[in-house]
There are 2 protein chains.
Amino acid sequence: MSKKRETLLIVAEKLFYEHGFHAIGLKQIITEADIAIMTLYNHFASKDELIVEVLKRREQQYMEYLHRFLTDDREAILLNLAKGHAQRLMDIQSRGCMFLRAKEEFAGDPTHPVVQTVNRHKENVMKFIEQLDSSLTSQQILQFSLLLEGSTALAETEDTATVCAQLIDMTEKLFVRAA
Amino acid sequence: MSKKRETLLIVAEKLFYEHGFHAIGLKQIITEADIAIMTLYNHFASKDELIVEVLKRREQQYMEYLHRFLTDDREAILLNLAKGHAQRLMDIQSRGCMFLRAKEEFAGDPTHPVVQTVNRHKENVMKFIEQLDSSLTSQQILQFSLLLEGSTALAETEDTATVCAQLIDMTEKLFVRAA
DNA sequence: CAATAAATATAATGATCGTTCTATATAAAG
DNA sequence: CTTTATATAGAACGATCATTATATTTATTG
């Protein structure tokens, strides 16, 4: 609705993802966004709430991204999801999974809103995959999730394109050729 | 050498891993370690240097851990490494890869000593695997690394024992049965 | 015991943190 | 124009941050 609010979310997401949640102060966010501090507090009750809203926004974008790679071919559902995840790793400058990073920084308190938001996000992704093909076992879903998480993590230290090629190759070997 | 120095490293590693590097202040470290702040600065020039030393200590422990799972059976080298990695995930309360977490928090400056220490660590692990079996292709090493990173990341939101079982199963399928 | 080194307590530094208050200014809607 | 909501600048809050200075005490070693 509000343009200022969206600007704040965009700038905050960029800075949080680049430097971490504790490392970035609100001052740096409002400076880069060129917005007054009281405007930020008018839209968000606290820094924690801003972080939660940033994560929710990012989750929505990620899910929309995956949706673009859906297919009717039941044999290639997971393969196409892998291609979607890989394409997204290429699109964003990959610095790891922002959700896991958020959880890590706030995991000292498991009841913290940020931690709960991340837990819900990961559940949502698993349920999404499960719903696409109800014939998948829970083990298969876990193994596919392991590939997605592994590619995201490995891309932090190795060339992203090369990592994506391995993700797709492994998905083929584990879930297409040997289904 | 110094007992105080080692105490500081142990306490700092625990707190950094539990809450993150920016989230933990030196005050909390010296309080929990029951050591004066000037003693810390007597052993470490700065917080950054303390972090680097914590990481180097952790790398040494991880490598020693993997070494305990080495075998002469060339067919099962990677499988045993996977079992070692899995066993370590079970041992430590897994909150993700501490090295990647460190890199993420300091990646804003790629020349930062912490970032370089992490990059070197990841290179060392890959070289270690490469040296164990020179017949492995670079793609195979990358794919195995993807499995290790994936299991570490997935264990942050899913049951660690279950994740470890998947890691071993996937390693068997990709690198033993179908080598 | 004397000499050297290591560790201590305490306080100060200047900076930044998240958050709140006050008061003014701009914009939208009646 | 007048009302109402939104955004602004700027200062203040108490707390904490990493780091340094000073001065005292404890351990170690010759």
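Please read all numbers here as calculations on a predicted model, not as lab measurements.
- Note that A:R68 lies in the cation-pi zone of A:Y65, set by a 6.0 Å cut-off to the ring centre and a 45° limit from the axis.
- Backbone-only contact: A:I24 has heavy atoms under 4.0 Å from sugar-phosphate atoms and none from a base.
- Atom NZ of A:K27 is separated from atom P of D:dA11 by 11 Å (rounded to the nearest Å).
- Computed from coordinates, the A:E105 CD to C:dC17 P distance equals 14 Å when rounded to whole Å.
- A salt bridge links A:E13 and A:R58; the closest N-O separation between the charged side-chain nitrogens and carboxylate oxygens is under 4.0 Å.
- Contact check on A:E6 versus A:R57 returns a salt bridge, with a Lys/Arg side-chain nitrogen under 4.0 Å from an Asp/Glu carboxylate oxygen.
- Close to C:dA6, at under 4.0 Å from its OP1 or OP2, lies no side-chain N or O of B:N42.
- Rounded to whole angstrom, the span from the CD1 atom of B:I30 across to the P atom of C:dA6 amounts to 20 Å.
- Judged by distance alone, with hydrogens and angles left aside, the side-chain atoms of B:Y17 form no donor-acceptor pair with the main-chain N or O of B:M98 at under 3.5 Å.
- Put simply, A:Q28 has no side-chain N or O that comes within less than 4.0 Å of OP1 or OP2 on C:dT16.
- In this structure, A:A23 and A:A45 both approach DNA chain C, and ranking their closest nucleotides by distance from the 5' end singles out A:A23.
- Dashed line: the shortest gap from a side-chain N or O of A:K4 to OP1 or OP2 of D:dT8 is under 4.0 Å.
- With distances taken from any side-chain atom of B:S46 to the nucleotides C:dT19, C:dA7, D:dT19, the minimum falls on D:dT19.
- Neither OP1 nor OP2 of C:dA6 sits under 4.0 Å from any side-chain N or O of B:K3.
- What separates CD1 of B:I35 from C1' of D:dT26 is a distance of 15 Å, to the nearest Å.
- Distances shorter than 4.0 Å separate some side-chain N or O of B:S2 from OP1 or OP2 on C:dA7.
- The distance from atom CE of A:M38 to atom C1' of C:dT20 is 7 Å, rounded to the nearest whole Å.
- One can place CD1 of B:I37 at 8 Å from P of D:dA18, the figure rounded to the nearest angstrom.
- Rounded to an integer number of Å, the gap from NE2 of B:H43 to P of D:dT19 is 16 Å.
- Not one N or O on the side chain of A:S134 forms a donor-acceptor pair closer than 3.5 Å with the backbone of A:Q131.
- B:H22 comes within 4.0 angstrom of nothing in the nucleic acid, heavy atoms only.
- Note: OH (B:Y41) to C1' (C:dA7) measures 16 Å, nearest angstrom.
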